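Contents: one structure, followed by commentary.
Note that the coordinates shown come from a computational prediction; the quantities given were computed from them, not determined experimentally. Worth knowing before you read on, the calculation uses all heavy atoms, side chains too, and leaves out hydrogens, waters and symmetry mates.
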Amino acid sequence: MPKNKKRNTPHRGGSGGGGSGAAATTAATAGGQHRNVQPFSDEDASIETMSHCSGYSDPSSFAEDGPEVLDEEGTQEDLEYKLKGLIDLTLDKSAKTRQAALEGVKNALASRMLYEFILERRMTLTDSIERCLKKGKSDEQRAAAALASVLCIQLGPGIESEEVLKTLGPILKKIICDGTASIQARQTCATCFGVCCFIATDDITELYSTLQCLENIFTKSYLKEKDANVICSTPNTALHISSLLAWTLLLTICPLSEVKKKLEMHVHKLPSLLSSDDVNMRIAAGESLALLFELARGMESDFFYEDMESLTQMLRALATDGNKHRAKVDKRKQRSVFRDILRAVEERDFPTETVKFGPERMYIDCWVKKHTYDTFKEILGSGMQYHLQSNEFLRSVFELGPPVMLDAATLKTMKISRFERHLYNSAAFKARTKARSKCRDKRADVGEFF
């Protein structure tokens, strides 16, 4: 998939709103008192500090309604004012306050394009993320890594995001490889490292180094004993899944020579992960295999896999899995995914999906595009549609062309109010309930008949 590397305009504003003036303004808002912020003190925050934080750092205020909140209840200036306060609070002495501030900034950036605002404050944000990754505990490190991912998505490829990766990359790598660090923090850092490298790196050596780092993690899940039939999940399984998915993402932008090398190394070992007792690991391994087969056939149309019969038998078993010891939800999810994977491996077919956003639509017609979309959707959440409309980097990745300019009248007609959304969801719920009731009644009638 082509990924255009567009250089952004030169840095114009230094560290912007991270100075003492902004901090003083924020403190004055809390209660008219000015105080010096001492980041990462062991003391707990005062009541005044916590009440001050609550005015800015409620993550749900950005996560639930996204950009609609601005149009209905405020202005661009209101959002930027709140974000300045949140950025200042990422240096607060309370760990909970810093974490809430990081999450608030992340949710705001995930739901709206704020390129100019972020460009002026990228150094301040990068410094805050760096401190929180180094000094913070598990939850704070996760929040900092998640913010770093969204920061690079906002900046897009260019000098600015390269500097962010250059600063944070070694720290992310250290946390990923640190066996004493929290699994959840390592998991988020692995995803962040892969995504930031995907966006920012122009150095092929750095790309290969990141691939190797992630590879060293997920290959620990490979079947070690020849006589073993099932890979038992461990506390590290979630980390291995995130590392495998990030590694697969980076493989899509590697030169063909490196792709061929990785194929030879892993295409015979990855099937062992299909026997894991963790459904998410089985799905991640299956989707990675489908993508590897797609890349291999893109290089050689007559690509031949020696153990094709054994692999297709395993995939077919997972696509029709009826083991009673597995949860129904897991079986349903697994069967749906592996039916598509089996078609990809056996018939070279992909079921095209359609993604609608605003007046536009995008067709996901290959595993490379699907994996890329799923990765960014996991990070941006409900803000993915907004970014597909407005984010030039994502539009270039998915070959959507320049953003479509819409007038205010068109935008207004596209919006659905909260009340209308509530009515729609209620009607859908009633319809589903009615359909399920009818289905149960039919089953009951059949039972009575026999």
Side-chain angles (χ1 to χ4, degrees), residues 190 194 211-212 214-234 236-252 254 258-323 325-326 330-351 366-368 370-371 374-375:
L211 276 171
Q212 190 60 51
L214 297 169
E215 199 172 293
N216 291 341
I217 299 296
F218 76 79
T219 52
K220 293 176 182 178
S221 275
Y222 280 164
L223 203 58
K224 300 296 189 300
E225 301 174 12
K226 293 183 179 180
D227 296 332
N229 294 320
V230 177
I231 297 177
C232 296
S233 58
T234 67
N236 290 326
T237 299
L239 169 64
H240 297 173
I241 293 169
S242 295
S243 300
L244 172 59
L245 294 175
W247 176 85
T248 306
L249 176 71
L250 291 180
L251 204 61
T252 65
C254 282
E258 185 67 13
V259 173
K260 191 172 183 179
K261 177 182 172 184
K262 296 298 183 184
L263 272 168
E264 292 172 355
M265 288 175 60
H266 295 281
V267 77
H268 294 285
K269 296 178 181 179
L270 268 174
S272 69
L273 299 182
L274 298 175
S275 62
S276 171
D277 63 357
D278 186 293
V279 64
N280 294 314
M281 174 59 89
R282 294 195 297 273
I283 290 173
E287 291 183 336
S288 296
L289 269 171
L291 190 146
L292 286 176
F293 269 79
E294 184 175 272
L295 292 176
R297 287 163 175 166
M299 292 185 293
E300 301 175 13
S301 59
D302 58 346
F303 170 74
F304 177 73
Y305 181 66
E306 297 173 358
D307 300 324
M308 180 63 83
E309 185 176 350
S310 173
L311 177 60
T312 52
Q313 285 179 356
M314 191 179 296
L315 294 175
R316 190 172 289 106
L318 291 169
T320 58
D321 189 4
N323 287 339
H325 68 277
R326 286 178 181 159
D330 288 350
K331 285 190 289 187
R332 193 180 300 116
K333 179 181 177 184
Q334 175 184 290
R335 287 196 294 258
S336 174
V337 173
F338 275 95
R339 280 195 293 267
D340 294 338
I341 294 170
L342 181 61
R343 285 172 61 184
V345 172
E346 203 171 30
E347 304 172 20
R348 305 188 180 207
D349 188 25
F350 182 87
C366 64
W367 284 99
V368 171
K370 174 178 167 53
H371 186 68
D374 289 346
T375 301

Working to the nearest 0.5 angstrom, can you tell me the gap between [X] [atom1] and [Y] [atom2]?
| X | Y | atom1 | atom2 | value |
| --- | --- | --- | --- | --- |
| N280 | H240 | CG | NE2 | 14.5 Å |
| E309 | M314 | CD | CE | 12.5 Å |
| L311 | L274 | CG | CG | 7.0 Å |
| H268 | L263 | NE2 | CG | 9.5 Å |
| L315 | T320 | CG | OG1 | 10.5 Å |
| E264 | K269 | CD | NZ | 12.0 Å |

Is the side chain of [X] donor-acceptor paired with the backbone N or O of [Y] at a distance under 3.5 Å, no angle test?
| X | Y | answer |
| --- | --- | --- |
| T252 | L249 | yes |
| R316 | L342 | no |
| D278 | M281 | yes |
| S275 | S272 | yes |
| H371 | L245 | yes |

[X] side chain near [Y] side chain, heavy-atom distance below 4.5 Å:
| X | Y | result |
| --- | --- | --- |
| T375 | T248 | no |
| L273 | L289 | no |
| L270 | Y222 | yes |
| L239 | I217 | yes |
| K333 | I283 | yes |

Tell me which donor-acceptor pairs under 3.5 Å the side chains of residues 291-305 have, and how far apart each pair is, sequence neighbours excluded?
residue, atom, partner, partner atom, Å
E294, OE1, W367, N, 2.8
E294, OE2, W367, N, 3.2
E294, OE2, V368, N, 3.0
R297, NH1, A344, O, 2.9
R297, NH1, V345, O, 3.3
R297, NH2, V345, O, 2.7
Y305, OH, V267, O, 3.3

Looking only at heavy atoms, which two atoms of [X] and [Y] are closest? And how far apart?
| X | Y | result |
| --- | --- | --- |
| A290 | I341 | CB-CG2, 4.2 Å |
| D321 | R335 | O-NH1, 2.6 Å |
| D277 | R282 | C-NH1, 3.4 Å |
| G194 | L250 | O-CD2, 3.3 Å |
| R343 | P351 | NH1-CB, 4.0 Å |
| C254 | L211 | SG-CD1, 3.3 Å |

Worksheet item: Above 12 or not: heavy atoms from other molecules or residues under 6.0 Å from CD of E347?
Response: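 It does: E347 CD has more than 12 such atoms within range.
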
Worksheet entry | Pair L251-K262, side-chain contact (heavy atoms from CB on, under 4.5 Å): steps then yes or no | CA-CA 8 Å; L251 204 61; K262 296 298 183 184; 3.7 Å; yes

